[in-house]
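In listed order, ligands and their atoms are each counted from 1. This one's a predicted model, so the numbers in the text were calculated from it and none came from an experiment.
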Amino acid sequence: MIIDLRSDTVTRPTLGMREAMFSAPLGDDVFGEDPTVNELEKKAARLFGMEAAIFCPSGTMTNQIAIRLHTQIQTEVICHNYSHIYLYEGGGIMSNSLASVKLLEGELGKITADQVKAAINPDDVHTPPTTLVSLENTMNKGGGSIYTLDEIRPIRKVCDEHGLKLHLDGARLFNALVETGESTTDWGAQFDTISICLSKGLGCPVGSLLLGTKADIKRARRVRKVWGGGMRQAGILAAAGIYALDYQVDRLIEDHARARVLGEMLLKLSFVHEVLPVATNIVIARLEGVSPEEFLKKLSDKNIKAVKFGTDLVRFVTHLDFGDNQLEQFGERLESLRP
Ligand SMILES: *Cc1c(COP(=O)(O)O)cnc(C)c1O
């Protein structure tokens, strides 16, 4: 049995999800006539107390559409230098929106209101006007770290004072919310747009949602179409999203519990120097005396998959298809790596 911990995207749809997909009523969503897509979009918008939502093929597309909505050519986006929108979206801020980026540093991938305030460009021809702040929760490269609302509110205040938009890359937002117990509507109230991935911990095969005002989502439909993201009988995918929101959110807490145990197991290896604080379902191990490639090879010999996440870092992500049985197996296989 292969234990695949490369990402929470490797999951297969559950039987219940497949049944929901199979029986979903369908139509042509480019004409706005897919009842299941319409239901998912309404459901998600309502859940966060936002006006509207749009279903897209990927989180990269929802983030990039949001950036497009909130910038103009030669303006600037503020974000942490670990941000997915900057590191892992192919330079899309530049190529899709012709905008610049101001990268900030901060512990565990997080930034503060004071940092944001200091990073806003002055009204001066030398600098691109700042128009957007983008945050990520949970923060992937920060080890699945969590922002709380108490950290968000002061950032929102700075944005309001300076006329900036605030976007949330909430690819794993539900992972944060099941830990903190904070409400979706309280989060919805803080942001101009929120991107949610259905294909990560929630276990869908495809799909992300962008939430925002009616006007922004109307514009988003134009951008999605031009970028080739208009889908036809997409209800077959949206049905998986509805199912996930109904049945596969609360269980994320189990992924977190298993991630904490997995982190402790890793610490027993002599060449694991430290494990970043495990806040959710992401476990990042810092190695000493062995390279990520060497460690990954040892793991691969034991049918375990993980990914290199920096010069001395390896990442493991727990998910729907990693149960207690796999966790126990993981522990046993790791034992056999100890000298
Ligand atoms: C996965 C992910 C995305 C979107 O990725 P896609 O593969 O394009 O769906 C965006 N942000 C974060 C933090 C992610 O982990």
Any idea which atoms of ligand 1 are less than 4.0 Å away from a heavy-atom of [X]?
{"X": "Glu136", "value": "13 (C)"}
{"X": "Lys200", "value": "1 (C), 2 (C), 3 (C), 4 (C), 5 (O), 14 (C), 15 (O)"}
{"X": "Asn63", "value": "10 (C), 11 (N)"}
{"X": "Arg172", "value": "15 (O)"}
{"X": "Ser58", "value": "8 (O), 9 (O)"}

(request) Tell me, please, which residues at least two apart from Leu149 pass side-chain contact (heavy atoms from CB on, under 4.5 Å). (result) Arg153, Glu182, Asp186, Trp187, Gln190
Answer yes or no: is there an ion pair linking [X] with [Y], defined by an N-O contact shorter than 4.0 Å?
{"X": "Arg232", "Y": "Asp34", "answer": "no"}
{"X": "Glu274", "Y": "Arg286", "answer": "yes"}
{"X": "Glu161", "Y": "Lys157", "answer": "yes"}

(message) Going by the closest heavy atom to atom 12 (C) of ligand 1, which one wins out of Met139, His84, Lys141?
(response) His84
(message) Is the contact between Thr60 and ligand 1 made by the side chain, the backbone, both, or neither, using heavy atoms and a 4.0 Å cut-off?
(response) both
Table please: side-chain donor-acceptor pairs of residues 302-309 below 3.5 Å, with sequence neighbours left out.
residue	atom	partner	partner atom	Å
Lys302	NZ	Ser336	OG	3.2
Lys308	NZ	Glu293	OE2	2.9

(request) Run the numbers on Arg172 and Asn281 for side chain to side chain contact (heavy atoms under 4.5 Å, CB included), then give the verdict. (result) CA-CA 9 Å; Arg172 296 189 180 85; Asn281 68 329; 3.9 Å; yes
(message) Once rounded to the nearest 0.5 Å, what's the spacing between atom CD1 of Ile54 and atom CE of Met61?
(response) 9.0 Å
(request) Distance to 0.1 Å, residue and atom name: give those for the protein heavy atom nearest to atom 11 (N) of ligand 1. (result) Asp169 OD2, 2.6 Å
(message) Give me the residue, atom name and distance of the protein heavy atom closest to atom 9 (O) of ligand 1.
(response) Gly59 N, 2.8 Å
